[in-house]
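Reading through the structure tokens given below for one structure.
Quick note: residue numbers are just sequence positions, from 1. In each ligand, atom 1 is the first atom listed, and ligand 1 is the first ligand listed.
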Amino acid sequence: MYRSNTCGELRLSDKDKIVTLAGWVQTVRKFGSITFVDLRDRYGITQLLFSESHNADLDANPLGREFVLQVKGKVNERSNKNNNIPTGEIEIVVSEFKILNKSAVPPFTIQDDTDGGDDIRMKYRYLDLRRNAVKKNLELRYQVNRAARNYLHENNFMDIETPFLIKSTPEGARDFVVPSRMNPGQFYALPQSPQTFKQLLMVSGYDRYYQIVKCFRDEDLRADRQPEFTQIDCEMAFVEQEDILNMFEGLVKRIFKDVKDINYTETVERMTWEEAMWQYGNDKPDIRFGIKLCNLKFPAHTFPAKENISSLIAGDFAVFNDAETVIAISVPGCSEYSRKQTDELTEWVKRPQIGMKGLAFIKCNADGTFKSSVDKFYSEDKLKAIAEAASAKAGDLVLILAGAEERTRKASSELRMYMADKLGMRKPDDFKLLWVLDFPLFEYDEEGNRWVARHHPFTSPKPDHIEVMINNNPVIADAAKYLEHPYANIKANAYDMVLNGNEIGGGSIRIHQRELQEKMFAALGMDAEEQQHKFGFLLGAFEYGAPPHGGIAFGFDRLCSIMGGSESIRDFIAFPKNNSGRDVMLDAPASIDEKQFEELQIKLNLK
Ligand code: ASP
């Protein structure tokens, strides 16, 4: 027996017991004839006392950090108690010990406030994983996993594995490919998601499927993306959108309860994609705070149902007159911003990432007067009317951006978040869920001057938009006017779940009739031959009694990081890749042997 107890287990009630512990040496502190050693394992830390007065033969001198140790001794009440750790009232008076393995001096200290930088910790990830901070994240990940599995199991979902060596699945990214030795010159693709498989399982009658599964996407890695990541992937048959929203709202609430002990009892708010873009400039808005966009000017075809209030800014100000879009936000309590502070905001919106040319503002003074950077062009009455349209109150600061539609809307959203961060309105432990519904079915691909599926090609159009899809030619005659093409306004039965401004899940009601699926592929520019080559299996399956179905996938890594109050998904993955997609511990990707190339009958010809 290597141990009778763990290093996190013993308490004062165990006093005088003879125990055996095993673990790693965290620290060694020598005081004359006695030595204290902190022994660590996954469960905690226990203080060991090596004392000549108890056993003169014990020599703790050879012990170093991270040595693996087995000790036997008696549980003793500590004279100097440590209330910060659960075992802090006791120590083990060591009578025997054995070094199970030595350790080289670790490249960084294995403690919460480590001296190791990111790179070194990634290189020695197996040591980094010994640290509490990382362990706590993996524990949380496991809890989220368990909560999800329990909920899905209780609701009759079946975990069914799907293959990794497959043919390309179109989720909008590049595939990772794997050469096949047995089929020279042919390649598997790693799944970007199990999308088509889970749909086939519906055809097979497994009406509630789930999998906590790896997905692979060869994308340029923006911060916080991993080339392989995990999804909670789900699909249901004989359901409408409403059934899916209820079921998976329940899943996330269950995770909140089991992992954070939060009773999220309120119904999750819902908002259409169009409304999200209109009010927040973003399809994954953080709705924990207000600061909604006031659309002073916008191109009519983008929001045909919305009221035009551009007369409010009519006047001699060329910047507003020339702009396609003008958007104001009202920031509470900031009317007394100094020149320096408004200059700083102007610089911020001019940064290339935001890309605006400038920023106008109106200070709504507490005494009811208005002061503005565009005083010259607008009377006080006009300023007041603009401020009122933006729902500003006395004491607020109205910030106004002007420019091209897409950029200005995005910048307004970013500015809204930036100000909310400044004002402490985004607290990590305040959770707010939101369903965003009715996404556009298509997205314009500038490079190819064509339509691509915004979600994926298996998502169904809203029933009353099917005709528009079928009866209109997808060809975009004038690229500059793509927004005026009837396809731009077709909406899909697609939904995203948003948590605190992050998309945590997304899915759709699928197409389940061969004919409509063919029409969809055709709308995306695929002729019959290409359809057959890429998706013949699915079109074929749809001929054998495919039930109506739909599903969703949650980004598991991100969900964990939000639950853990962190920005970084890497912290919640045991062995993550760095920003260039490298595993610096394995030093992968790497070249392979000449022999392997020969077996694959592949000759490298790098450009
Ligand atoms: N497969 C989709 C995705 O990865 C999710 C879904 O539609 O269920 O985004």
Side-chain angles (χ1 to χ4, degrees), residues 148 152 157-164 166-176 189-203 206-219 225-241 243-249 251-252 273 283-284 435-443 452-462 491-499 502-512 517 520 524 534-535 538 546-559 569:
L152 292 167
F157 283 79
M158 221 170 128
D159 178 347
I160 305 176
E161 288 157 87
T162 52
F164 279 171
I166 66 162
K167 203 157 117 177
S168 180
T169 50
E171 302 278 354
R174 231 170 272 123
D175 289 320
F176 280 103
L190 299 181
Q192 292 184 31
S193 87
Q195 185 61 36
T196 46
F197 291 102
K198 65 176 175 175
Q199 291 192 241
L200 292 175
L201 286 169
M202 295 306 112
V203 178
Y206 298 87
D207 64 342
R208 291 184 172 200
Y209 142 96
Y210 89 99
Q211 205 181 170
I212 298 186
V213 65
K214 273 287 167 71
C215 301
F216 306 86
R217 297 184 191 176
D218 186 7
E219 295 178 292
R225 286 269 176 104
Q226 289 278 309
E228 55 176 308
F229 60 95
T230 307
Q231 284 188 345
I232 309 177
D233 189 47
C234 309
E235 195 78 7
M236 299 172 84
F238 304 115
V239 282
E240 289 167 352
Q241 177 167 299
D243 303 308
I244 302 230
L245 300 189
N246 289 331
M247 177 63 74
F248 292 101
E249 197 166 310
L251 169 69
V252 177
W273 173 86
D283 59 9
K284 43 181 193 309
W435 283 114
V436 178
L437 309 174
D438 304 352
F439 276 78
L441 184 67
F442 297 111
E443 205 166 60
V452 292
R454 181 172 179 114
H455 185 211
H456 50 53
F458 317 111
T459 291
S460 61
K462 289 259 158 226
K491 297 294 190 298
N493 289 312
Y495 33 80
D496 274 1
M497 186 175 255
V498 175
L499 174 57
N502 302 279
E503 179 206 324
I504 55 165
S508 60
I509 297 296
R510 327 297 184 189
I511 297 170
H512 67 282
Q517 187 64 71
M520 178 67 185
L524 299 171
K534 287 191 169 153
F535 299 111
L538 188 71
H549 61 284
I552 192 166
F554 289 89
F556 183 58
D557 311 291
R558 170 136 325 129
L559 188 57
I569 64 169

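Crowding of Tyr206 atom OH: a count of heavy atoms from other residues, nucleotides or ligands under 6.0 Å not exceeding 12. When the shell of 6.0 Å around NZ of Lys284 is examined, it contains 12 or fewer heavy atoms from other residues, nucleotides or ligands.
Note that CD1 of Ile511 is 4.0 Å distant from CD of Gln517, once rounded to the nearest 0.5 Å. Between atom OG1 of residue Thr459 and atom CZ of residue Arg510 there is a gap of 6.0 Å, rounded to the nearest 0.5 Å. Here Gln231 contributes atom CD and Leu559 contributes atom CG; the two are 12.0 Å apart, rounded to the nearest 0.5 Å.
Any N or O atom pair closer than 3.5 Å counts here, and Glu235 shares no such pair with ligand 1. The shortest N or O to N or O distance between Ser508 and ligand 1 is not under 3.5 Å. Here's the thing with Asp233: none of its N/O atoms is less than 3.5 angstrom from an N/O atom of ligand 1. For the pair Gln192 and ligand 1, the shortest N or O to N or O distance does not fall below 3.5 Å.
Distances below 4.0 Å separate heavy atoms of Ile552 from the following atoms of ligand 1: 8 (O). Each of the atoms 3 (C), 4 (O) of ligand 1 lies under 4.0 Å from some heavy atom of Gln231. Shown in contact with Lys198 at under 4.0 Å from a heavy atom are these atoms of ligand 1, numbered in order with element: 6 (C), 8 (O). Every atom of ligand 1 with a heavy atom of Arg217 under 4.0 Å away is listed here by number and element: 3 (C), 4 (O). Per-residue contacts place Gly507 under 4.0 angstrom from the following atoms of ligand 1 (heavy atoms of the residue considered): 6 (C), 7 (O).
With a 4.0 Å cut-off on non-hydrogen atoms, Gln199 does not touch ligand 1 at all. Only the side chain of Ser193 comes within contact range of ligand 1, with a heavy atom under 4.0 Å; no backbone atom does.
Checking each of Arg174, Arg225, Gln192 against Glu219 for a side chain to side chain donor-acceptor pair (under 3.5 Å) leaves exactly one that passes, namely Arg225. When each of Glu240, His549, Gln241, Met236 is checked for a side-chain contact (heavy atoms from CB on, under 4.5 Å) with Ile509, only Gln241 meets the rule.
Side chain of Tyr495 to backbone of Ser508: a donor-acceptor contact under 3.5 angstrom is found.
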